[in-house]
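Data block below; observations after.
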Amino acid sequence: MSNKEYNFTEIEKKWQDFWEGSGLFRVDEDCDKNKFYCLVMFPYPSGTLHVGHGRNYIIGDVVSRYKIMKGFRVLSPIGWDAFGLPAENAAIANGIHPSINTENNIKKMKVQLERWGVGYDWDREVASCEPDYYKWTQWIFLKLFEQNLAYKKKAAVNWCPSCATVLANEQVVNDLCERCDTKVKQRDLEQWFFKISNFAQRLLDDLKTLDGWPERVKTMQANWIGRSEGAKINFKLEETDKTIPCFTTRPDTIFGVTFMSLAPEHPVIRELINGTEHEKSVLEFIDRVRGQSTIERTSEGTEKEGIFTGRYVINPVNSERVPLWVSNYALMGYGTGAVMAVPAHDQRDFEFAKKYNLPIKIVIRPTGNDTMLNHEEMDEAYVEDGVQVNSDRFDGMPNREAIPKIINFFEEKGIGERNINFRLRDWLISRQRYWGAPIPIIYCESCGTVPVPEKDLPVLLPEKVEFKPHGKSPLDDVDEFVNSTCPKCGGSAKRETDTMDTFVDSSWYYLRYISSKDNTQAFDSEDANKWLPVDQYIGGIEHAILHLLYSRFITKVFYDLKLINFDEPFKNLFTQGMIIKDGAKMSKSKGNVVNPDLITEKYGADTQRLYTLFIAPPQRDAEWNDRGVIGSYRFLNKLWNTITSFEEYFKKIPDAGIKPDLFSKETKELYRYINITIKKVTEDIEKSWSFNTAIASVMELLNMVVDFSADLRDKDFNEEAVINDFNVLRHSLETSVKVLAPFVPHISEELWEILGHNPSIFSAPWPTYDEGSIAADQVEMVIQINGKVRSKLVVPSEITEDDLKSLVMDDKKINENLEGKKIVKTIVVPKKLVNLVVR
RNA sequence: GCCGAAGUGGCGGAAUUGGCAGACGCGCUAGCUUCAGGUGCUAGUGUUCGCAAGGAUGUGGGGGUUCGAAUCCCCCCUUCGGCACCA
């Protein structure tokens, strides 16, 4: 017995170099029907990766390698989501320029990825902070601008009065500035938006076509888009020609309107109160509400407040005078910013009416009894369905039936119409930050807002800037950048100094991989149509809404522009769970990160990969246990030792194939398990990505192989049956190594070579199984009495029911238990059990 | 509040057209090996009663359907995630 040591460090280096040299993961533009685009979400270069990140890349690598063995041409690219706030914060904190910092981090992380043995086509690597990349991000902005899908309007930003700077949402913690704990205020700035709301219906409808997406992600997106059906109703402003439209999902309650609420931002307010006795108090109220943070204003717990404007509107269905209020719970961003308030049937309106002593008018009563609700006795709004009352010609109608009829009535009378509202807001892409792609816009005094011509792209991000935070974008201070000339008239003009949200960068990177080196276009349409949509996208659930929705939106824009022939970017989506340590998500700030380099040093990358996959089903969160790693290491050693201990035999004894007629009972059983294992691993990968159970089944097989091979070396190798046994052993080990190859590629390549094959194992086809050999000759059957196991019998698997019954009746234990009892019923489940029901 | 996912040994987890609960692994216990061990090997390991054979009990809780329920139905509890004054 000559055992080589399992030197994982040497082996892993050897095969990483081999794959790089042989170009296992390099693909050119040509691809046939057998293409497979496997994409992992590109990382933000934060500095170092922890084992939690590893899960994403390891899962992706398993899929890529499995598909390669199944004969697919696999595209597996990688890149860097390299713009973003942390790099800028690091610059403020320790003066390192974001570009240097980012570059260093990418270098470090690239080494880490390579150490894991995860395979990518590095020739296609992209980094979103490089001009070659963000030139095309800017080009996308121009395309949207041309289509009227990019526009500018005033919008609130988080403002820290103490730091005198704009804060990103993630810098606001519980309403306080994360740096100085000052309370954050809202401030209005002119900012750029993408008109994603135009696509709301399509983004919602097309979710139905995404069969390969997790239900919960689709549900989250549907909730985010938030479609609601109802009506828009015009209320006439008393003593004027003006109308104030409002949206409602409950047109059936129109007869119960007792006041109307306007959002404090509603543009009509100022002229309504201009010069009236209410002006001062209303303006004060608006100022106060606007000073509140978003959280304060929009959480359910906040007390409803309002103020009367002194004006009235007219309810178009019954001409009642309805007092017009301004209230903090009406939102300008939803519907029309005006709410027809029905306190009897809406809880918010109810609370408001109680507080300000406004009338409550019941227009729906519960179905099934004649008792009328009494508004004086109500302590909450009646929001359920019921029957119309006090509703003129609609009285007596069930309210659900009344809704369409009432809307028809509005339309006939010209006072309102059917309307659909979405919760989805337009995408605010302006960031008052340095480390992002500059928005390619120039402001000219005579020509106005002018897009930078395509030929002038990229608008380069200047290198020399001051990072001290102050009121505006850092780019504002760079005169050479700001001062420009108008592309239209050639006069002096100023550049836009905001940069784009990093979600813009990441909304199209999967297209750039197709043409990463092309400096004439963002991507080649023909090639993109060949490779996309992405066959498998893998990433964290934290991107379930924004990143995926934005990518879908951009894809639809390109589709409409006929740049691509598909309108959904990701055919299949897999969201892996987080790795938890000490009860919390692994993160630098919590100090619970496990450094993958230490694990790799001690046990090797394959052990780390195996443990990461074995820990739990990949979609579920999993607790990392440092001690658990040893189990995976032991398994790989056991596999290594078993194979290397037979190395000399493999060389000497020719592979004469497998001869079933020479099988002993044990050999037949082992052969059977080899086939069961192939079937199990294949199905686990294909059907449910249950890598943990796939690995467990190979562990079982190896346990069996070790028992089988224990005394094989001492046998007489002149005997045909012994040689046949040896070849079954060889087959079992080759199979184990093959089905493990996607999980632990380095050791698999090495053992494949030791088993006498030429590299690479990834050019060997995925094993197939022999269904016929899986059926067992004999099965153990459970014998129950009244559902409790009383005995077990080993019987031929094709036994007749009569033979089985007589065997059961001969069984000693069964007879003991049957004494003095009568069999009422016998249930036989073939190959499983017999249940005797007795009294 | 609404929507969704989940609850199984000391731990991670297996078992779903209803059919032996706890595969596989960690940990633990005992023994062997070792100068030594965060090594390797062997055996055992849900709980409980019993010297044992064997019995009882057991998948968050309570009901139900069934010969038989972790699995199906009803009610409840807990945890996690998303949305949350969206008219």
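Just so it is clear: chains get the letters A, B, ... in the order the sequence lines come, proteins before strands, and each one is counted from 1.
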Please classify the nucleic acid contact of A:Ser228 as base, sugar-phosphate, or nothing, using heavy-atom distances under 4.0 Å. sugar-phosphate
Looking at A:Phe743, I'd like to know if the NZ or CZ of A:Arg609 sits under 6.0 Å from its six-membered ring centre while staying within 45 degrees of the ring's axis. no
Within the structure shown, what part of the strands sits under 4.0 Å from A:Gln784 by heavy-atom distance: base, sugar-phosphate, or nothing? base
Out of B:C85, B:C67, B:G27, whichever nucleotide has its closest atom nearest the side chain of A:Arg627: B:G27
Check every strand shown and say whether A:Val837 touches a base, only sugar-phosphate, or nothing at a heavy-atom separation below 4.0 Å. sugar-phosphate
Has the side chain of A:Asn835 got a donor or acceptor atom sitting under 3.5 Å from an opposite partner on the base of B:C67? yes
Salt bridge check, A:Glu229 against A:Arg418: does any charged N sit closer than 4.0 Å to a carboxylate O? no
Please lay out, stage by stage, how A:Tyr603 and A:Tyr611 fare under the test ring pair (Phe, Tyr, Trp, His ring centres under 6.0 Å). CA-CA 11 Å; A:Tyr603 301 108; A:Tyr611 178 65; 9.8 Å; no
Nucleotide nearest A:Met220 (side chain, heavy atoms from C-beta), chosen from B:G82, B:C3, B:C20: B:G82
Note: A:Arg672-A:Glu669 ion pair, threshold 4.0 Å (strictly below): yes
Phosphate OP1/OP2 of B:G27: any A:Arg634 side-chain N/O under 4.0 Å: yes
Looking at residues 323-333 of chain A, who's got a heavy atom less than 4.0 Å off RNA chain B? A:Asn328, A:Tyr329, A:Ala330, A:Leu331
Base B:C67 to side chain A:Lys825, donor-acceptor N/O within 3.5 Å cut-off: no
Residue met sooner reading RNA chain B from 5', once A:Lys788 and A:Asn703 are mapped to nucleotides: A:Asn703
Record whether the side chain of A:Lys832 comes under 3.5 Å of the base of B:C20 through a donor-acceptor pair of N or O atoms. no
For atom P, what is the distance between B:G27 and B:U79, given to the nearest Å? 31 Å
